[in-house]
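Along the sequence shown, the residues carry numbers beginning at 1. One-based numbering, in listed order, for ligands and for the atoms of each. What you see below is based on every heavy atom in this structure, not just the backbone, and it leaves out hydrogens, waters and symmetry mates.
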Amino acid sequence: MAYFDNNATTPLFPGVVEAMSEALAGAWANPSSPYRDAARVRALMNQAREEMAESFGVNPGDLTFTSSATEANNSVFTSLANEGFDQHRVLLSPVEHPCVSEPVRRYFSDRFSVLSTDVNGCICLDSLESELKSSSNPILVGVMAASNETGVIQPWKQVAQLCAEYQADFHCDATQWIGKMDPTDLSLCSSFTASAHKFGGPKGVGVLVSSKEHSFLLGGGQEKGKRAGTENYPAIEGMRVAWRVCQSKNLTISERESWRDSFEERILGLDSGFKLLGKNAPRLWNTSTFLVPCFDNQNWISKLDKIGFQVSTGSACASMGTSTAPMVELYHLSAGESSRLIRVSSFWGHSAEDWIALGEAFEKAFGLLKDDSSSSSVISI
Ligand code: PLP
């Protein structure tokens with residue numbers, strides 16, 4: 001089975017299971033306990049923290065382990081609201097993941113604005129600058145690094161620079177960026193988040209990098225009081241190993257973009273009704289999201305599944321019906337159109353041949369769906 005749904009989650013990189021098994025068997029003590037076994041786990045965990053912090057160019061004390069990017073993103077906005085900063089305003093891109101936009105809507109209902117963008121949801125820097133210039137309130141800007149839905153990349157480095165110029169805080173949800181793209185300049189952001197299962201690590205572990213305190217979970221002094229709850233060292237170790245693998249990969253991006261581009265050209269050539277979301281915007285090398293001309297996306301997905309290819313309708317949370325996918329609003333898609341969205345997302349293990357095979361599978365699925373529909377209309381006659 002060829003797996004092309006890596007924006008939902010990635011398979012574990014080689015070495016992750018072994019590292020986690022070893023940690024589960026031999027380093028299971030509570031890192032906060034007072035004896036030597038626990039001190040060893042604490043030391044291993046802090047080595048992982050130092051290694052990851054160094055690669056991001058940040059202070060290890062600013063890197064907090066969390067249970068997910070969802071928790072990390074919630075914690076930035078919820079803690080600001082809880083701490084009684086009632087003068088703060090939040091400026092958000094319209095394409096944020098719900099774990100950013102929902103806490104903001106709940107806690108800053110009358111104190112947040114959606115930033116202007118171009119047609120693909122990329123922030124308009126001039127209008128951000130005029131918002132920053134004209135506000136007399138302290139501001140927290142939330143702009144993701146890259147979209148989980150379309151792969152469209154935000155000008156987050158420029159956003160970070162503008163925010164620094166106007167002394168605004170800038171939170172960047174880098175969950176889809178980290179593990180696929182160069183993380184170096186993320187240290188320009190006031191805070192950013194990542195999730196291990198998006199880069200070859202296990203589920204249930206992520207990071208929040210911030211020099212500020214965002215205590216969102218209360219009831220324990222772990223993580224220097226920044227995040228209550230016993231740390232999951234085996235998962236942290238798995239994340240560390242996955243992160244090492246990712247860091248050796250960044251050099252082949254342009255080649256990978258060309259594999260994806262050839263695949264997209266092939267799909268767009270199948271029928272003039274295929275549309276590629278974010279076509280002319282800078283995008284992650286791994287993601288293509290199509291509006292297909294006909295047949296419900298569930299039919300496409302099950303046909304492709306039978307042929308041996310796993311793809312998705314869009315973001316996993318939107319597929320579960322928890323909220324409307326931001327891209328549906330951004331591209332003004334009707335209900336009919338939103339049920340014709342298909343996202344493919346690759347990862348480092350895919351080769352040029354895999355992308356070619358995916359293109360062939362789409363072509364075959366399209367033919368089979370057309371055959372099914374013409375035979376069903378014959379039967380209904
Ligand atoms: N932010 C983005 C951009 C995501 O794509 C996701 C997951 O799909 C999350 C946050 C949430 O990550 P997690 O699964 O670690 O909660």
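- Contact annotation for Ala8 and ligand 1: no heavy atom of the residue comes within less than 4.0 Å of the ligand.
- Between Lys275 and Glu337 no salt bridge is recorded (no basic side-chain N to carboxylate O distance below 4.0 Å).
- Considering backbone and side-chain atoms together, Ala69 places an N or O closer than 3.5 Å to an N or O of ligand 1.
- Here the two rings, on His171 and Phe77, have centers that are under 6.0 Å apart.
- Proximity of the aromatic rings of Trp355 and Phe4 is defined here by a centroid distance below 6.0 angstrom, and this criterion is met.
- Those atoms of ligand 1 with a heavy atom of Ser195 less than 4.0 angstrom away are 13 (P), 15 (O).
- Scored by the salt bridge (charged side-chain N to carboxylate O under 4.0 Å, His left out) test, Arg266 finds Glu363 as partners (sequence neighbours excluded).
- The proximity of His197 to ligand 1, defined as any non-hydrogen pair under 4.0 Å, is limited to the side chain.
- Within ligand 1, the atoms closer than 4.0 Å to a non-hydrogen atom of Asn148 are 3 (C), 5 (O), numbered from 1 in the order shown.
- Under the salt bridge (charged side-chain N to carboxylate O under 4.0 Å, His left out) criterion, Glu231 pairs with no residue, sequence neighbours left out.
- The ligand atoms of ligand 1 that sit less than 4.0 angstrom from a heavy atom of Met144 are 3 (C).
- Distances from atom 11 (C) of ligand 1 to the heavy atoms of Val100, Asn7, Thr70, Thr9 show the closest one on Thr70.
- Taking the six-membered ring for Trp, Phe274 and Phe366 have ring centres closer than 6.0 Å.
- In this structure, the ring of Trp177 has its center less than 6.0 angstrom from the ring center of Trp156.
- For Cys99, the closest heavy-atom approach to ligand 1 falls below 4.0 Å.
- Within the 4.0 Å heavy-atom criterion, neither part of Lys203 lies near ligand 1.
- Each of the atoms 3 (C), 4 (C), 5 (O) of ligand 1 lies under 4.0 Å from some heavy atom of Gln176.
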